[in-house]
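Numbered from 1 within each chain, the chains take letters A, B, ... in sequence-line order.
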Protein chains: 2
Amino acid sequence: MVRKGGTRERVYEYVRKRILEGTPPTVREVQRELGFRAVQSAQEHLDALVASGRLEKVGRVSRGYRLPGSIGTASFVPLLGSVQAGELSEAIENLDAYVAVDHDFGDRRGFALRVRGDSMIDAGILPGDIVIVCEQPHAENGEVVVALVDDEATVKRLRIRDGRVELHPENRSYPVIVPADPLRILGRVVEVRRYLESDIRPV
Amino acid sequence: MVRKGGTRERVYEYVRKRILEGTPPTVREVQRELGFRAVQSAQEHLDALVASGRLEKVGRVSRGYRLPGSIGTASFVPLLGSVQAGELSEAIENLDAYVAVDHDFGDRRGFALRVRGDSMIDAGILPGDIVIVCEQPHAENGEVVVALVDDEATVKRLRIRDGRVELHPENRSYPVIVPADPLRILGRVVEVRRYLESDIRPV
DNA sequence: TACTAAATCAGACAAATGTCGGGTATACTT
DNA sequence: AAGTATACCCGACATTTGTCTGATTTAGTA
């Protein structure tokens with residue numbers, strides 16, 4: 001036996017690579033890749049990897065191996081061109097473009113929004129950028145949020161001064177917004193993206 | 001038969017949903033979901049969807065349905081904390097963090113790099129931002145590139161003036177870099193990202 | 001009505017696939 | 001020497017899965 005200690009690692013590396021590529025391998029594909037003459041050899045390595053928590057397994061279905069903790073399972077969130085009034089759900093329903101995210105939204109939903117205007121340019125958020133948003137009705141002081149102002153979604157930094165809620169643009173040319181009505185927050189921005197060349201490819 | 005015209009669409013929606021969730025369905029899973037009493041019913045819808053180009057199929061393996069054009073098949077690129085000298089390949093080998101991208105790199109490889117310094121701040125690239133890079137040895141005038149300067153990777157905009165190559169920061173506090181030796185370009189920046197809260201989750 | 005095309009169903013087969021019981025060899029421990 | 005754990009192998013079985021042939025139903029049309 002020339003290489004013994006490294007076999008387990010090679011199995012893991014191969015499975016991980018296949019999962020990240022989008023197609024978890026079958027047990028026999030692992031067997032062939034590693035050169036085992038018995039299925040059981042691959043199976044035992046996989047079992048051991050699952051037992052040690054480095055892999056997870058969903059039922060006894062084919063290609064059922066995953067990376068733990070939903071890691072590596074990129075999800076897609078809908079890209080909304082614009083959001084108006086309270087039609088967030090409807091806007092999400094009708095959209096046909098998605099962007100891949102590796103963010104974990106937990107119980108909440110996520111969506112993406114294309115930024116209009118340069119009111120956040122000093123925060124490095126340029127017109128045309130895409131923000132990834134975690135849908136939630138509340139946010140804390142200092143967080144960048146998507147809020148409804150005049151029935152249109154806008155990206156601003158939330159400030160709370162003396163118990164009063166303000167929306168601060170990060171551009172000296174724009175005024176601070178002090179909402180008269182209770183502010184409707186659509187979500188909190190968790191990521192900013194800029195595609196420098198290719199368009200977003202609709203999924 | 002109450003709903004007939006919509007069945008094809010329902011099959012497509014289901015398959016797409018499953019693919020985006022990371023696990024393409026088997027033919028019989030489609031059958032069960034749609035309530036068909038025959039496998040063939042699901043099979044024919046799938047064949048039709050493939051024939052019309054709305055789905056793609058890889059060989060006669062299980063769970064072999066994909067969205068066309070590698071769309072929806074998010075891949076992961078390695079996140080490099082720093083790149084020095086010519087050790088790009090080695091740096092990629094050793095990394096343990098990945099970020100999900102929906103960019104299509106074609107034949108080329110992609111990687112991600114954390115930006116140091118504020119030399120590109122006027123281009124909306126802040127310190128700590130992550131750039132997604134398409135590995136390529138050449139770039140065109142005006143493109144943002146990752147290049148080796150003093151054996152360290154740096155992000156700058158490439159300018160070609162009178163046949164001379166220059167690296168322009170987008171921050172008036174920094175000088176234009178005019179490389180003495182032939183410039184070594186690691187790749188072209190195709191995307192800029194900023195995670196506002198959570199750390200990158202290692203994959 | 002007769003014809004046609006599409007959709008669905010019925011049944012089946014071969015290959016792929018997950019799983020299991022038991023065997024062999026090696027290294028290490030007691 | 002005996003025991004034990006690990007890694008690997010052999011053969012096999014039941015499901016799952018992709019695929020095929022043919023029949024039935026339904027809707028539309030000449």
Worksheet item: Is it true that A/K156 and A/E166 make a salt bridge, defined as a side-chain N closer than 4.0 Å to a carboxylate O?
Response: no

Worksheet item: What's the CZ-C1' distance between A/R37 and C/dA25, to the nearest Å?
Response: 13 Å

Practice prompt. Provide the full list of ring pair (Phe, Tyr, Trp, His ring centres under 6.0 Å) pairs with a residue in residues 38-62 of chain B, sequence neighbours left out, each pair given once.
Written response: B/F36-B/H45

Fill in: B/S62 vs D/dT16: side-chain N/O to OP1/OP2 distance below 4.0 Å
no

Worksheet item: Below 4.0 angstrom from OP1 or OP2 of D/dT19, is there any side-chain N or O of B/Q43?
Response: yes

Worksheet item: Any Lys/Arg nitrogen of B/R8 or B/E44 sitting under 4.0 Å from an Asp/Glu carboxylate oxygen of the other?
Response: no

Item to complete: Determine yes or no for a side-chain-to-main-chain donor-acceptor pair under 3.5 angstrom, with A/R188 supplying the side chain and A/A139 the backbone.
Response: no

Item to complete: Provide, to the nearest angstrom, the distance between the CD atom belonging to B/E44 and the C1' atom belonging to D/dT21.
Response: 12 Å

Discussion item. Check the phosphate of D/dC8 against A/H45, side-chain N and O only, distance under 4.0 Å to OP1 or OP2. Yes or no?
Written reply: yes

Discussion item. Taking 4.0 Å as the cut-off, does a side-chain nitrogen or oxygen of A/S41 come that near to OP1 or OP2 on D/dC9?
Written reply: yes

Practice prompt. May I ask you to verify if any side-chain N or O of B/R63 is less than 4.0 angstrom from the OP1 or OP2 atom of D/dT17?
Written response: yes

Discussion item. Does a side-chain N or O of B/T7 approach OP1 or OP2 of C/dT8 to a distance below 4.0 Å, or not?
Written reply: yes

Fill in: OP1 or OP2 of C/dA7 under 4.0 Å from side-chain N/O of B/R8
yes

Worksheet entry | Interatomic distance where CZ belongs to A/R60 and C1' belongs to D/dA14 [whole Å] | 10 Å

Worksheet item: Does any N or O in the side chain of B/E152 come within less than 3.5 Å of the main-chain N or O of B/V149, such that one atom is a donor and the other an acceptor?
Response: no

Discussion item. Using a 4.0 Å heavy-atom cut-off, does B/V39 contact any base of the nucleic acid, only the sugar-phosphate backbone, or nothing at all?
Written reply: base

Worksheet item: Quick one: do A/R157 and A/E170 make a salt bridge, cutoff under 4.0 Å?
Response: yes

Worksheet entry | DNA chain C-proximal residues of residues 25-36 of chain B, any heavy atom under 4.0 Å | B/R28, B/F36

Response to the item:
Only residue of A/V15, A/L49, A/V11 satisfying side-chain contact (heavy atoms from CB on, under 4.5 Å) with A/R54 is A/L49

Worksheet item: Starting at CG of B/L46 and ending at P of D/dG18, how long is that distance when rounded to a whole Å?
Response: 9 Å

Discussion item. With hydrogens left out and only the distance checked, is there a donor-acceptor pair under 3.5 Å joining A/Q40's side chain and the base of D/dC10?
Written reply: no

